[in-house]
Amino acid sequence: MTNIRVLIADDQMMVRQGFTVLLNAEPGIEVVGQAVDGLEAIAKVAELDPDVVLMDIRMPGLGGIEATRTLTAPADATVKVLVLTTFDLDEYVYEALRAGASGFLLKDASAAELAQAVRVVAAGDALLAPNITKRLIAEFSRVTVAPRAPVKGRIGELTERETEVLSLIAQGLSNAEIATRLVVAEQTTKTHVSRILIKLGLRDRTQAAVFAYETGLVRPSGY
């Protein structure tokens with residue numbers, strides 16, 4: 001089994017070196033490069049083809065949000081972005097997720113939390129723990145005066161069960177939790193999630209959650 005290839009983009013040398021040491025000590029994970037800003041991160045992704053980029057939001061020059069948007073914009077993009085932030089209520093986290101990040105992680109996370117986050121994102125899942133989702137919902141409530149009208153053509157492609165699963169994804173439930181809630185097998189839930197992402201043209205669960213709130217399918221005030 002090949003290692004998960006990681007690129008660390010942060011303007012602070014101590015953060016880059018510290019995360020490199022922590023991740024290289026984890027089985028199945030290899031740090032293949034470092035970048036000091038967004039522009040270098042984009043160049044290094046093209047050169048090194050990492051699976052996951054740990055992306056600091058605030059960097060001189062091209063910041064993490066713009067770099068994330070550039071890296072995830074192509075339809076055939078495979079790299080996953082995990083945003084690094086100092087504060088869990090960072091005002092830019094929401095924009096980073098909208099830009100295509102698969103989740104975010106605090107810089108003071110433990111080695112185990114860091115490694116787990118990398119593995120989750122590399123596997124194609126989103127880092128949407130319930131506590132993170134609550135903060136996202138609060139942010140949606142703050143920045144969204146009124147939800148956009150649902151994109152009926154896209155929403156209409158979902159079955160009733162898929163729409164239900166999408167709502168639960170937006171609440172931060174895992175596949176196992178959704179399966180328990182709906183009294184179905186976890187593999188069935190995974191199939192529903194895959195079909196939802198394909199039908200809506202979304203990259204991962206984070207984008208699905210953002211989509212659910214922005215189109216008005218799920219209302220922040222309800223949770």
Side-chain angles (χ1 to χ4, degrees), residues 52 55 57 64-65 68-69 71-73 77 79-85 88-106 116-117 119-182 186 188-223:
V52 177
M55 182 80 75
I57 289 182
I65 293 175
T68 296
R69 186 174 291 115
L71 290 173
T72 61
V79 68
K80 305 295 193 303
V81 177
L82 184 59
V83 170
L84 298 172
T85 180
D88 58 1
L89 288 174
D90 193 308
E91 62 185 293
Y92 297 113
V93 165
Y94 170 76
E95 288 302 323
L97 294 176
R98 289 193 67 190
S102 292
F104 75 91
L105 188 70
L106 295 178
Q116 176 63 13
R119 292 189 177 102
V120 166
V121 171
D125 291 327
L127 200 64
L128 270 182
N131 61 328
I132 293 175
T133 304
K134 289 177 183 177
R135 289 194 288 271
L136 279 179
I137 292 171
E139 186 68 5
F140 274 113
S141 299
R142 186 181 71 80
V143 304
T144 305
V145 177
R148 297 183 308 186
V151 185
K152 294 181 179 179
R154 296 169 71 186
I155 289 288
E157 295 178 7
L158 301 181
T159 64
E160 184 176 347
R161 178 47 62 92
E162 288 167 352
T163 302
E164 190 175 8
V165 170
L166 177 57
S167 296
L168 295 175
I169 290 174
Q171 294 178 47
L173 272 65
S174 66
N175 284 344
E177 291 168 335
I178 293 173
T180 299
R181 178 78 64 89
L182 300 180
E186 186 173 349
T188 300
T189 299
K190 290 180 179 179
T191 300
H192 285 316
V193 173
S194 295
R195 288 176 177 169
I196 289 168
L197 297 179
I198 291 171
K199 288 182 177 181
L200 298 181
L202 302 173
R203 188 179 306 281
D204 57 29
R205 298 168 77 97
T206 302
Q207 289 194 345
V210 171
F211 178 88
Y213 286 111
E214 290 198 326
T215 59
L217 177 66
V218 176
R219 301 296 179 91
S221 59
Y223 302 101

Taking the side chain as C-beta and beyond, is there a heavy-atom pair between T189 and L182 under 4.5 Å?
no
Could you pull out the closest heavy-atom pair between A170 and A209, with the gap in Å?
CA-CB, 3.9 Å
Partners of R161 by side chain to side chain donor-acceptor pair (under 3.5 Å), sequence neighbours excluded?
E164
For L202 against A208, the heavy-atom pair lying closest together
CD1-CA, 3.6 Å
Could you give the distance from CD (E177) to CD (E186), rounded to the nearest 0.5 Å?
10.0 Å
side-chain contact (heavy atoms from CB on, under 4.5 Å) filter on A99, not counting sequence neighbours, yields I65, T68, R69
Counting C-beta onward and ignoring hydrogens, is there a side-chain heavy-atom pair between L158 and L200 closer than 4.5 Å?
yes
Closest heavy-atom pair, L166 versus L217, reported as atoms and distance to 0.1 Å, is CD2-CD2, 3.3 Å
Which pair of non-hydrogen atoms, one from V83 and one from A101, has the smallest distance, and what is that distance?
CG2-CB, 3.5 Å
Under the side chain to side chain donor-acceptor pair (under 3.5 Å) test, which residues partner K199, sequence neighbours left out?
E162
Between the CG atom in L168 and the CG atom in N175, the distance rounded to the nearest 0.5 Å is 11.0 Å
Nearest 0.5 Å, please: how far is NE2 in H192 from OG1 in T163?
11.0 Å
Considering non-hydrogen atoms only, spot the tightest contact between G64 and M55 and give its length.
CA-CG, 3.7 Å
